[in-house]
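Report on the following structure.
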Amino acid sequence: MAPYEALYRRQCRSPISWFEYRDVRSLGTDLVRDALEKVKLIQKRLCTTQSRQKSYADRKDRDVAYIVDEKVLFKLLLMKGVMRSGRTGTLIPQYIGPFEVLERVEEVAYRLSLPPSLLGVHQVFHVSMLRKCYGDPLHVLDFSTM
């Protein structure tokens, strides 16, 4: 369905359908040819715009899969109750962890093993909120003071 049809619930009238085929001879072939060229130009520009928007979306899209017992960090900014540090003007970390992946719930959802201090937080997270933990396991952020 075209966007016009979805918005106004009727078909879009293009210049081609404004006249009957019998009237083409009286109007001249130039008008029909110009209308067809304009429609082709519009279709070409729509395809160009669609491919540009798809390339922008594909840059952000990434296929990520975690395995069980892998260490991940999860995004802190989306959780309102956890991100408040009590002081204004301080820097808060963007990700906390590492936490262990317990299981894969769906294709894009994972269950993490959270400590008792995060008891009010749901244990299943979308893959967009997770990052693989690289680095030294001794450098663990203490999130219990937040």
Side-chain angles (χ1 to χ4, degrees), residues 1-115 118-137 139-141 143 146:
M1 177 180 294
Y4 183 88
E5 293 176 26
L7 185 62
Y8 297 109
R9 298 176 191 249
R10 60 183 173 148
Q11 287 189 346
C12 178
R13 291 186 56 199
S14 67
I16 297 170
S17 64
W18 288 353
F19 46 83
E20 296 293 326
Y21 181 72
R22 295 181 229 98
D23 302 334
V24 171
R25 293 184 200 131
S26 62
L27 292 174
T29 57
D30 292 340
L31 179 67
V32 176
R33 189 176 328 122
D34 291 343
L36 290 174
E37 287 175 5
K38 292 291 183 186
V39 168
K40 288 180 183 178
L41 178 68
I42 291 169
Q43 288 175 344
K44 180 181 175 185
R45 289 183 180 170
L46 281 173
C47 288
T48 304
T49 304
Q50 182 182 15
S51 68
R52 184 182 309 125
Q53 290 175 346
K54 183 178 180 338
S55 69
Y56 291 152
D58 287 346
R59 279 189 219 156
K60 296 179 183 178
D61 188 26
R62 58 190 181 99
D63 293 330
V64 179
Y66 300 107
I67 57 174
V68 177
D69 296 334
E70 189 173 8
K71 299 288 186 181
V72 295
L73 304 170
F74 76 87
K75 191 176 278 194
L76 182 67
L77 296 176
L78 296 177
M79 300 182 332
K80 295 179 182 174
V82 178
M83 77 175 187
R84 296 196 176 104
S85 63
R87 295 174 288 175
T88 58
T90 60
L91 295 175
I92 57 173
Q94 188 173 5
Y95 291 93
I96 62 171
F99 301 106
E100 188 176 319
V101 176
L102 293 178
E103 68 173 319
R104 184 176 183 170
V105 179
E106 291 182 14
E107 277 194 41
V108 292
Y110 292 90
R111 184 180 313 276
L112 302 181
S113 65
L114 300 178
L118 293 175
L119 189 61
V121 179
H122 200 273
Q123 291 182 341
V124 178
F125 294 93
H126 190 268
V127 73
S128 65
M129 294 180 66
L130 302 175
R131 293 286 184 261
K132 187 171 182 177
C133 181
Y134 299 103
D136 191 8
H139 291 86
V140 177
L141 179 64
F143 53 87
M146 295 182 181

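Values reported hereafter were calculated over all heavy atoms of this structure, with side chains retained and with hydrogens, waters and symmetry mates removed. Sequential numbering from 1 along the given sequence is applied to the chain's residues. Given the structure is predicted, the values throughout are model-derived calculations rather than measurements.
- Between Leu114 and Phe125 there is a side-chain heavy-atom pair separated by less than 4.5 Å.
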Side-chain donor-acceptor pairs under 3.5 Å in residues 35-46, sequence neighbours left out?
none

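- Not a single side-chain contact (heavy atoms from CB on, under 4.5 Å) links Ser51 to another residue, sequence neighbours left out.
- Counting only heavy atoms from C-beta outward, the side chains of Asp69 and Glu100 approach each other to under 4.5 Å.
- Residues passing the salt bridge (Lys or Arg N to Asp or Glu O under 4.0 Å) test with Asp58, sequence neighbours excluded: Lys54.
- Qualifying side-chain contact (heavy atoms from CB on, under 4.5 Å) partners for Leu102, counting only residues two or more places apart in sequence or in other chains: Arg111, Ser113.
- Under the 4.5 Å side-chain criterion, counting only non-hydrogen atoms from C-beta, Leu73 is not in contact with Phe99.
- In this structure, the side chain of Tyr110 does not engage the main chain of Leu130 through any donor-acceptor pair within 3.5 Å.
- Under the 4.5 Å side-chain criterion, counting only non-hydrogen atoms from C-beta, Arg104 is not in contact with Tyr66.
- Within the structure, the ring pair (Phe, Tyr, Trp, His ring centres under 6.0 Å) test picks out no pair touching residues 40-63 (sequence neighbours left out).
- For Gln123, there are no side-chain hydrogen bond (donor to acceptor under 3.5 Å, both in side chains) partners at least two apart in sequence or on another chain.
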